[in-house]
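Taking it in order: structure first as structure tokens, then the write-up.
Order of the sequence lines sets the chain letters (A, B, ...), proteins ahead of strands, with each chain counted from 1.
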There are 2 protein chains.
Amino acid sequence: MKPQPARRSSPGVPRCERCTLHARCLPLGLELDALHSFEAIIQVPQALKRGQALVRQGEPFENLYVVRSGSLKQSVAQPGQRDQVTHFYLPGEVVGLDAIGEAECHGSVVALESAFVCELPFTRLEDLAEQLPELRGQLYRCMSRELRRDQRMMCLLSGRTADQRLASFLLGLSERFRARGFSPFCFRLSMSRSDIANYLGLALETVSRVLARFQEQGTIAVAGREMTLLDIESLEGLAREGVGLRGVN
Amino acid sequence: MKPQPARRSSPGVPRCERCTLHARCLPLGLELDALHSFEAIIQVPQALKRGQALVRQGEPFENLYVVRSGSLKQSVAQPGQRDQVTHFYLPGEVVGLDAIGEAECHGSVVALESAFVCELPFTRLEDLAEQLPELRGQLYRCMSRELRRDQRMMCLLSGRTADQRLASFLLGLSERFRARGFSPFCFRLSMSRSDIANYLGLALETVSRVLARFQEQGTIAVAGREMTLLDIESLEGLAREGVGLRGVN
DNA sequence: TGGTCGACTTGATGCAGGTCAATCAACGTT
DNA sequence: AACGTTGATTGACCTGCATCAAGTCGACCA
């Protein structure tokens with residue numbers, strides 16, 4: 001696996017400037033010197049195999065991670081309940097923001113496929129942020145963006161139909177792929193039906209059925225984990241669809 | 001800015017040291033000088049009447065607010081959908097974290113009853129945070145706490161029964177009241193059934209029915225908006241209750 | 001004193017989607 | 001080739017809760 005010699009020597013430590021995610025990653029907007037200081041605190045990237053855990057719930061919180069390639073899921077285990085999948089992380093997204101200021105990681109994060117992540121020791125990041133207002137801003141922005149994402153998710157889970165949830169989910173993925181330069185129409189689902197179901201608060205059979213229905217309506221074409229969005233328009237219609245729970249007050 | 005001259009006069013500008021929320025508020029852990037600098041950026045507290053809006057969705061984002069007394073709700077309006085209540089804010093909680101880094105406020109916040117809030121212009125807060133690591137830390141911590149809270153909410157909305165949602169909701173409120181020095185057993189719901197229903201992703205009739213059932217089981221006593229938790233144990237049992245959606249994989 | 005409004009409760013009904021169960025396809029593994 | 005395993009699909013059934021609808025209880029006003 002790679003030539004990867006010493007510890008943090010050259011081949012491993014990434015040059016952010018060259019990274020394809022440059023435009024969507026944490027150090028976005030940093031000056032050149034700042035960028036170099038930033039690069040200096042990045043640990044050698046970790047390679048993860050499918051199913052391998054990046055962080056385990058309850059471990060002491062020490063690092064943030066940025067996904068370079070591949071994808072991961074976060075899930076939290078609650079007392080007597082089944083686990084809940086809370087996030088899927090795609091390249092450029094930051095893992096661990098929800099543990100800042102806590103002693104321990106509050107969810108487990110595992111790779112859904114082979115993945116690389118950049119490791120950022122949080123204390124060093126914090127020190128650096130002390131000197132770099134831009135970096136601070138980026139951190140705030142990331143967290144606040146995640147807050148908004150979670151709220152959108154809450155809206156989704158709160159009284160949307162299975163169709164709406166799936167449609168939104170697919171559109172959301174599509175959008176994220178587009179933003180990263182991949183095709184927004186045709187992609188591979190790295191997560192299982194069961195992960196999707198859990199994430200969306202549905203039974204996995206329902207996910208299967210709804211996808212099948214979408215398919216026979218000609219909205220999507222799905223074969224296993226290969227997904228093609230044929231008719232974005234109508235997907236958006238499905239996602240909106242003002243039925244749901246009774247009106248206002 | 002010590003003896004506090006002109007600007008917007010004395011009675012308003014709060015002394016954090018004397019504030020009863022001191023121990024749970026943003027400036028927690030600041031040194032005395034730091035605290036004074038912090039106080040200096042607080043605008044004169046706003047008084048809100050029931051139903052009055054503190055921020056409106058889409059307005060330019062400029063301030064964070066800390067609730068001093070009373071309570072508020074945040075709701076976001078989406079395209080063709082009914083509004084979704086995303087938060088209830090109690091004294092000591094910070095309004096607006098989810099808009100940081102955005103141009104506009106992404107939800108409306110209105111008072112559920114007479115309320116006071118401290119206004120913190122965000123740019124000044126940011127400048128101050130540049131010099132006060134403690135304050136920075138507090139900001140991070142607040143945001144990250146909110147992230148965790150949202151995630152807990154997502155878990156709640158994702159495949160918990162109406163009973164579990166209500167039970168968790170009541171316990172959550174109870175906990176927050178306790179933390180603020182109020183009775184955790186007996187409190188007034190400042191929000192309507194419809195707000196609760198919307199927040200929990202239920203129909204308001206369901207809320208009504210479940211509360212009635214809890215009452216006849218002797219778990220709570222509820223009369224209009226006066227709520228008494230009679231049997232916390234059994235509420236916790238209800239909140240846990242491992243039924244829900246099918247198990248793991 | 002009655003009228004109207006808003007917040008809440010209660011009853012009856014139907015359906016979306018959860019649950020149980022069987023089957024199948026794609027893999028390794030031996 | 002036979003086997004187990006894991007993920008996905010599909011069918012049949014049943015229940016929790018949304019929905020529709022009516023009724024109650026104040027509070028406020030004329």
- Task: Determine to 10° how strongly the helix from C:dT1-D:dA30 to C:dT30-D:dA1 is bent, judged from the axes of its five-pair ends.
- Result: 30°

- Could you tell me the separation between the CD atom of A:Gln164 and the C1' atom of D:dA18, rounded to a whole number of Å? 14 Å

- Message: Under 4.0 Å, counting only non-hydrogen atoms across every strand here, what does B:Arg165 touch: a base, just sugar-phosphate, or nothing?
- Response: nothing

- Query: With sequence neighbours excluded, what pairs up with A:Ser114 under the side chain to side chain contact (heavy atoms under 4.5 Å, CB included) test?
  - Reply: none

- Item | Position toward the 5' end of DNA chain C (nearest nucleotide), B:Arg50 or B:Thr206 | B:Arg50

- Item | side chain to side chain contact (heavy atoms under 4.5 Å, CB included) partners for B:Ala167, two or more places apart | B:Phe214, B:Leu235, B:Leu238, B:Ala239

- Contacts of type side chain to side chain donor-acceptor pair (under 3.5 Å), residue A:Arg176, not counting sequence neighbours: A:Glu93

- Task: Using atom CZ of B:Arg160 as one end and atom P of C:dG17 as the other, report the distance to the nearest whole Å.
- Result: 18 Å

- Item | Gap separating the CD1 atom of B:Ile42 from the CG atom of B:Leu26, nearest 0.5 angstrom | 9.5 Å

- Message: Distance check needed: C:dG17 P versus A:Arg213 CZ, whole Å only.
- Response: 8 Å

- Message: Could you work out, with side chain to side chain contact (heavy atoms under 4.5 Å, CB included) as the rule, every residue matching A:Ala77, not counting sequence neighbours?
- Response: A:Gln57, A:Asp83

- Item | Atom-pair distance (CD on B:Gln215; C1' on C:dT10), nearest Å | 14 Å

- Query: Counting side-chain heavy atoms from CB outward, which of C:dT10, C:dC8, D:dC17 is closest to B:Arg193?
  - Reply: C:dC8

- Under the ring-ring contact (aromatic ring centres under 6.0 Å, His included) test, which residues partner B:Tyr65, sequence neighbours left out? none

- Would you kindly give the CG-to-C1' distance between A:Leu211 and D:dG7, to the nearest whole Å? 14 Å

- Non-neighbouring partners of B:Glu59 that pass side chain to side chain donor-acceptor pair (under 3.5 Å), sequence neighbours left out: none

- Query: C:dC8 C1' sits how many Å from B:Leu166 CG, rounded?
  - Reply: 14 Å

- Side-chain contact check for B:Thr161: nearest option of D:dC17, D:dA8, C:dT19 is D:dC17

- Looking only at C:dC8, D:dT19, D:dC17, the nucleotide nearest the B:Ala203 side chain is D:dT19

- Task: Determine whether the aromatic ring centres of A:Phe182 and A:Phe187 lie less than 6.0 Å apart.
- Result: no

What are the atom names and distances for every N/O pair under 3.5 Å that joins the protein to nucleotides 24-26 of chain C?
none

- Residues in side chain to side chain donor-acceptor pair (under 3.5 Å) with B:Arg213, at least two apart? B:Asp163

- Query: Does A:Ala212 have any side chain to side chain contact (heavy atoms under 4.5 Å, CB included) partners at least two apart in sequence or in another chain, and if so, which?
  - Reply: none

- Item | Among D:dA18, C:dT10, D:dT10, the one nearest B:Leu202 by side-chain distance | D:dA18

- What residues, two or more places apart in sequence or in another chain, satisfy ring-ring contact (aromatic ring centres under 6.0 Å, His included) together with B:Phe116? none

- Message: Just the rounded figure in Å: distance from C1' of D:dG16 to CG of B:Leu238.
- Response: 16 Å

- Item | Salt-bridge contact A:Glu113-A:Arg50 (side-chain N to carboxylate O under 4.0 Å) | no

Do any N or O atoms of the protein come closer than 3.5 Å to N or O atoms of nucleotides 11-13 of chain C, and which pairs are they?
{"residue": "C:dG11", "atom": "N7", "partner": "B:Arg209", "partner atom": "NH1", "Å": "2.9"}
{"residue": "C:dG11", "atom": "O6", "partner": "B:Arg209", "partner atom": "NH2", "Å": "3.4"}

- Task: Find the distance B:Glu226:CD to D:dC25:P and express it as a whole number of Å.
- Result: 19 Å

